[in-house]
There are 2 protein chains.
Amino acid sequence: MNTETTSFVSGLPIASVERETGLSKDTLRVWERRYGFPTPERDANGERLYAPTQVQRLTQIKRLMDRGYRPGKLLALDDVALIALDEARPGALVTPNVLQLDTWMRLVKTHDSEALQRQFYRELAKRGLAGFVQDIVAPLIVRVGEAWSRNELGVFEEHLFSQHLEKMFRTVLANMSPQRGSPRVLLTTLSGEEHTLGLLMVEALMVVEDVYPVLLGPQTPIDEILRAAQLKQVDAVCLSFSSAYSSTLAAQGLRDLRQMLPAGIELWAGGYGVKAIRKTIDGVCLMPEFQDLYDGLAKWRTEHGRRSA
Amino acid sequence: MNTETTSFVSGLPIASVERETGLSKDTLRVWERRYGFPTPERDANGERLYAPTQVQRLTQIKRLMDRGYRPGKLLALDDVALIALDEARPGALVTPNVLQLDTWMRLVKTHDSEALQRQFYRELAKRGLAGFVQDIVAPLIVRVGEAWSRNELGVFEEHLFSQHLEKMFRTVLANMSPQRGSPRVLLTTLSGEEHTLGLLMVEALMVVEDVYPVLLGPQTPIDEILRAAQLKQVDAVCLSFSSAYSSTLAAQGLRDLRQMLPAGIELWAGGYGVKAIRKTIDGVCLMPEFQDLYDGLAKWRTEHGRRSA
DNA sequence: TTCATTTATTGTCCAGGACAAAGTGTTGAC
DNA sequence: GTCAACACTTTGTCCTGGACAATAAATGAA
């Protein structure tokens, strides 16, 4: 039904490839110039047309880059070596009960929505919210991220998984939400960090701990965080960083924000991404582990007098 | 530790302006060349630095363009004329009850979370889900978007509003979700479109209409949409585009996807963003209005025989 | 080891030319 | 007067190839 009008060259224009791979047009062109890959055809007007195979390979390369490899190496490799790298394990994961997580992973891989949803609620009832978040959800998110970057899992399965988790969190939280506790904590991420699940996990833990969370969603510019913190009169601002976020950028952002934030408002940073931050930052509390969050809360409460747990 | 070295020129680099305004770097540069606006400073390295005032004006211009004006005219105008245009109502938005929307906007502006949440549920109960979505939520999202780009509203208020809406949708949907109806429709957006609210609105309408929605969340690459469509055996794929998404890119993406998608699976595109697409695309059903969705569903049902409404 | 300095890598920016798609205006047939 | 066909204008995207700063890697000193 389609396109007998198209000549025999066919493929995606550069804008589509940018959208699909997340590599900017500039990058695509400069790779071609420097490394001789990709090698798009040209249409009648001299514009690039990328073969689907090459687009696929570009996605693969992008994924490997997220795992830490550098383009110079990757673009020199042939297909065989590339796939070999893809298989290579990055370093043992720190999950406690691997067996059970494997069961979960199977559900994710077969995108069995109903079973996944059922399992979520069963496990939630069994462990309670805090235990469920720490022992199941958090490790599972790590596993899914790893599996994705290892190409064992498609974007589709990963999205479906996120949607189910999000749905579950929001349902559970909706029934507990109207809290009046303290401290009041602002929850968001810096621009560029789009992962919401970290925020939802923290919100869940906070609601249980009788904290009043103000959820802003992801990607709030720094000056708006500042404004929100003052208008909503929060006691602390808590940012979440996924492992994908550059640790340099994270540290810089935290410094910037700390500088502008009134001294009376604490600044906390959590998530897998803060593990990569080496140096402590003055006036910023780094919380790579869940336990750190509890410690931080306890500390705040003792410092601010009469407030129970 | 940073930057007493910064000179007295300051402003946003071109990449930030692209993100803020939605105008591509190429467009920004070509406007400067052709129309003499904007007129960014340069940093030590000769790179553009846009003054916040100009960025604001660019956002304003972008919004007017979305309303149908052409850049050639807009860029020739001075501030006064621009603001005059801005005040002028565009073909009177189709909101039935402007008065009530104003009340809502006041709640958004004062970020009164509790009142907003209460109002949501009250109005939902009064109008039913479909009526609520069409008469309140959709116009309100447009209003908030407009107010934001007119700088009457901060990012913070906009985020808070989105979070409340999302929470509400997910709560409501959680209680109705396990559906087995047909057709089965895959819901997602293309990479680059991050707005989720459109998807949630459509999901809500579909659940009421006894459709089985598969929600993938935003930003799925085309080949993954394809894979999901086949694995989940859907009858149609429905994409949502916000007004921020470039209509050229949207059209291109739809063409790309249509080409790869089996003929048996329909392709629908909804949201404010498709209004800007002029030409029809072969095999793609453009649904700028909610009514179009109902029509599309009805059409599908008559074509596929015995299935009630 | 650990830290500081040099060197290599890599993404983004720039200029300015070109062109096609979309919009606008004009003409003439009915 | 309406409408279709045509020419002209506007406008966004793509092109090349050069430059440079930010980051990572490698090297040397304490």
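Chain letters run A, B, ... following the sequence lines, proteins first and then strands; every chain starts at 1. Below, each value reflects all heavy atoms present in this structure, side chains not excepted, and no hydrogens, waters or symmetry copies.
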Base, backbone or nothing for each nucleotide of nucleotides 4-16 of chain D, written B, S, -, heavy atoms under 4.0 angstrom, 5' to 3'?
-------BBBBSB
Let me know the distance between CG of Leu49(B) and P of dA21(D), rounded to the nearest Å.
14 Å
Separation of Leu74(A) atom CG from dT9(C) atom C1', in whole Å?
13 Å
Testing the 3.5 Å rule here: is there a donor-acceptor pair between the side chains of Thr39(A) and Gln54(A)?
yes
Are Arg63(A) and Glu158(A) within salt-bridge range, i.e. N to O under 4.0 Å?
no
Residues Glu146(A) and Arg143(A) bridged, charged N to O under 4.0 Å
no
Measure up the Phe241(B) and Tyr245(B) rings against each other and bin them: parallel (under 30°), tilted (30 to 60°), perpendicular (over 60°).
tilted
Check the pair Ser242(A) / Glu193(A) against side-chain hydrogen bond (donor to acceptor under 3.5 Å, both in side chains), numbers first and verdict last.
CA-CA 7 Å; Ser242(A) 75; Glu193(A) 171 63 74; 3.0 Å; yes
